[in-house]
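Chain A is the first sequence line, chain B the second, and so forth, proteins listed ahead of strands; every chain is numbered from 1. Fair warning: this is a prediction, and the values are worked out from it, not measured in the lab.
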Amino acid sequence: MSPYRTHYSKELNQDSDGKEVVVAGWVEDIRNLGSIAFIILRDRQGTLQITTFKKEHPEVFKKLVSLSRESVISVRGICRANEKVRNGYEIIPKDVEILSRAETPLPMGIVDKVNVEMDTRLDNRFLDLRREEVRAIFLIRDKIIDSAREFLRKEGFIEVHTPKIISSASEGGTNLFRIKYFERDAFLAQSPQLYKQMLMATGFDRVYEIGWYFRAEEHNTRRHLNESTAIDVEMAFIENEEDVMKILERMILHICRKIEGMEELSRLGIEITAPSLPLPRIRYDEAIDMIRKKGLEIEWGSDLGSDEERAVGDVMKERGVSFYFITKYPLDAKPFYTMPEGNLSRSFDLFCNGIEIASGSQRIHDHDLLEKRLREDGLDPDDFKAYLKAFRYGMPPHGGFGMGIERLVMSLLNLKNIRECILFPRDRNRLTP
RNA sequence: GCCCCGGUGGUGUAGCGGUUAUCAUACGGGCCUGUCGAGCCCGUGACUCGGGUUCAAAUCCCGACCGGGGCGCCA
């Protein structure tokens, strides 16, 4: 037990009534009425009230009312039940220790009644995170990751970590960050794709990685980051992509069940209902029909743009569905390692409320076909030698998916900006903090 | 990469050729024994930078810098 605290704010109850307790935290507000003052103290659980009387403890009173907001203090005093206080208990202080005095004025208000812009919030993220509703996002995020891990372990997946410093363009498609690797150039990985596939040639059979994606795209939108996190899954000896989708949808269900009762959700005004399985599977062809019925023009074969994805999302929303798959994309719309099926592919994207949150497929496991597809995609097999080698000495049929963690958090919690979902976002302009 | 938009006290805003530059909140001081968005009184505090137009620029024009957003791409 910390010498600075015997109780958190929510731990005060009948047992503490009349007893001496020690509480600690940040001074959220001071309401000085002259002879009596109320100090609102915040800790990780919430807030509590310290009530001090000038007549009874003039020294303690003076010390408390002269504090600046957001200073850190530890207070020893008697806990007293009092109906007049919002959470039923107040502390009558005997001693106050000032652990850290906050400068004034604050760069942004924690509980002020003025709006603060995202940019100012991110510049002062440590202050922003003192707000309960902001912390709630990360408590839910923590639970999401914890549940995903719990599910995958139970399903026999092992957690792996693959390199983030790589030698060359791994999949094409996106721009990579170039870095110096001693005397050579290297890149930051856009995804663990090639490595998790190589692991399918080892006998691990089922792996997952919770890691980073780095993408050097100069996009500047509410749903893109240049550094994002993802849950990547790869599994061997599958019959087709349906086996992968089953794991993914069951993982989503498990996550929803684990978070649906969290009190942090109500703090955000969100309700989550676990979806029923199986999730709807909409073939690309059907999606095209839906989009055309909505009055948008789209050519068969092209990937779905934002408007098109939104159109499908709207139709599903009308049907009361938040999670759904779009499957069997045209081969040309998917990366080279995707298993062909005629001019289509054994691929799928998972959407939540109209936002793409995951993408996966059965992969090609035949070396020669893979090399052919690389070439057709305009890539040079020589750049992929180490990867291709894993396909020459026994590679089982396999598939997997990558799910963006920020995307999932954003769509589940109905947040308007993906930067809300990551502690210290990296975007086109932001490199600090 | 393409295209829109914006920069006014610590924070969030109003003003859009001539104002003592609006309001809120924060901050500093004062009054107040039950506050909980405490209240009341007083005070400090701002036009991103550089050119230009004009009798006069926060306001109009050009450029720079810094942001926000959309598209493409994707998680």
| Does a side-chain N or O from S306(A) land closer than 4.0 Å to OP1 or OP2 of G72(B), or not? | yes
| What is the nucleic acid contact for R430(A), judged by heavy atoms within less than 4.0 Å: base, sugar-phosphate only, or nothing? | nothing
| note | By the Watson-Crick or G-U definition, both distances under 3.5 Å, U35(B) is matched with none
| said: Looking at E242(A) and R281(A), is any side-chain nitrogen of the basic one under 4.0 Å from a carboxylate oxygen of the acidic one? | reply: yes
| said: I'd like to know if R141(A) pairs up with E264(A) as an ion pair, taking the criterion as any Lys NZ or Arg NE/NH1/NH2 lying under 4.0 Å from an Asp or Glu carboxylate oxygen. | reply: no
| task | State which of G1(B), U33(B), A75(B) makes the closest approach to the side chain of E218(A). | result | G1(B)
| Separation between the C1' atoms of C65(B) and U11(B), rounded to whole Å | 22 Å
| Checking all strands, does A358(A) fall into the base, sugar-phosphate, or nothing category for heavy-atom contacts under 4.0 angstrom? | sugar-phosphate
| request: In whole angstrom, give me the gap between the P atoms of C4(B) and C40(B). | output: 47 Å
| query | Going by atom types alone, do S306(A) and R223(A) pair a side-chain donor with an acceptor below 3.5 Å? | reply | yes
| note | Answer for the Watson-Crick or wobble partner of G63(B), both distances under 3.5 Å, is C49(B)
| message | Just N and O in the side chain of N429(A): are any of them under 4.0 Å from OP1 or OP2 of C66(B)? | response | no
| said: Closest approach to the side chain of T51(A), judged atom by atom: which nucleotide of G69(B), C32(B), G34(B) is it? | reply: G34(B)
| query | A75(B), G34(B), U13(B): which one has an atom nearest the side-chain heavy atoms of L225(A)? | reply | A75(B)
| The side chain of I418(A) lies closest to which of these nucleotides: U11(B), U35(B), A75(B)? | A75(B)
| query | N220(A) near the nucleic acid: base, sugar-phosphate alone, or nothing, with a heavy-atom cut-off under 4.0 Å? | reply | base
| Ignoring hydrogens and angles, are the base of G28(B) and the side chain of R69(A) linked by a donor-acceptor pair under 3.5 Å? | no
| said: Less than 4.0 angstrom from a charged side-chain N to a carboxylate O is my criterion; do E286(A) and K328(A) meet it? | reply: no
| message | On the side chain of K55(A), is there an atom forming a donor-acceptor pair with the base of U33(B) - under 3.5 Å, no angle test? | response | yes
| message | When you measure from the side-chain N and O atoms of R310(A) to the phosphate of C71(B), is any distance below 4.0 Å, counting only OP1 and OP2? | response | yes
| field | Presence of N417(A) side-chain N/O under 4.0 Å of G68(B) phosphate oxygens OP1/OP2 | value | no
| query | Reckon T120(A) has a side-chain N or O less than 4.0 Å from the OP1 or OP2 of G12(B)? | reply | yes
| Any donor-acceptor pair under 3.5 Å between the side chain of Q49(A) and the base of U35(B)? | yes
| message | What is the distance, to the nearest angstrom, from the CD atom on E28(A) to the C1' atom on A38(B)? | response | 15 Å
| message | Using a distance-only criterion (donor-acceptor N/O pair, under 3.5 Å, no hydrogens), is the base of C74(B) paired with the side chain of R407(A)? | response | yes
| query | Which base sits across from C71(B) as a Watson-Crick or G-U pair, both distances under 3.5 Å? | reply | G1(B)
| Any R86(A) side-chain N or O less than 4.0 Å from OP1/OP2 of G37(B) | yes
| task | Give V85(A) one of three labels, base, sugar-phosphate or nothing, depending on what nucleic acid heavy atoms sit under 4.0 Å from its own. | result | base
| query | Using a cut-off of 4.0 Å on non-hydrogen atoms, how would the nucleic acid contact of I357(A) be classed: base, sugar-phosphate, or nothing? | reply | sugar-phosphate
| field | Pairing partner (Watson-Crick or G-U wobble, both distances under 3.5 angstrom) of C27(B) | value | G43(B)
| said: With nearest nucleotide decided by heavy atoms, which residue, L122(A) or L106(A), maps closer to the 5′ end of RNA chain B? | reply: L106(A)
| query | Between R419(A) and G69(B), is there a side-chain N or O to OP1/OP2 distance below 4.0 Å? | reply | yes
| request: Describe, in one word, how the ring planes of F336(A) and Y387(A) are oriented to each other, choosing from parallel (under 30°), tilted (30 to 60°) and perpendicular (over 60°). | output: perpendicular
| query | Between G34(B), G12(B), G68(B), which one does the side chain of E117(A) approach most closely? | reply | G12(B)
| said: Under 4.0 Å, heavy atoms only, any strand: does D29(A) hit a base, just the sugar-phosphate, or nothing? | reply: sugar-phosphate
| request: Could you check how far CG of N87(A) sits from P of G34(B), rounded to whole Å? | output: 20 Å
| message | Less than 4.0 angstrom between a side-chain N/O of R428(A) and OP1 or OP2 of G68(B), yes or no? | response | no
| Pairing nucleotide - G18(B), Watson-Crick or G-U, each distance under 3.5 Å | C55(B)
| Given RNA chain B, 5'-ward residue of the pair N115(A) and E83(A), judged by closest heavy atom | N115(A)
| request: Please work out if S228(A) contacts a base, only the sugar-phosphate, or nothing of the nucleic acid, heavy-atom cut-off 4.0 Å. | output: base
| request: Measure distances between side-chain N and O atoms of E90(A) and base N and O atoms of G34(B), and say whether any donor-acceptor pair falls under 3.5 Å. | output: yes
| said: Would you measure the distance from the C1' atom in G34(B) across to the matching atom in A38(B) and give it in whole Å? | reply: 10 Å
| field | Pair F325(A) and F348(A), ring centroids less than 6.0 Å apart | value | yes
| request: Could you tell me whether E132(A) and R267(A) have a side-chain N and a carboxylate O separated by less than 4.0 Å? | output: yes
| query | Counting just side-chain N and O atoms, does R215(A) come under 4.0 Å of either OP1 or OP2 of C74(B)? | reply | no
| query | Which nucleotide in the set A75(B), G68(B), U33(B) lies at the smallest distance from any side-chain heavy atom of S359(A)? | reply | A75(B)
| task | Go through the N and O atoms of the side chain of H219(A) and the base of C74(B), and report whether any donor-acceptor pair is under 3.5 Å. | result | no
| request: Considering only atom P, compute the distance from C41(B) to G51(B) and round it to an integer number of Å. | output: 44 Å
| request: Please measure how far the C1' atom in U25(B) lies from the corresponding atom in G9(B), and state the result in whole Å. | output: 12 Å
| field | Under-4.0 Å side-chain N/O to phosphate OP1/OP2 contact, R223(A) with C71(B) | value | yes
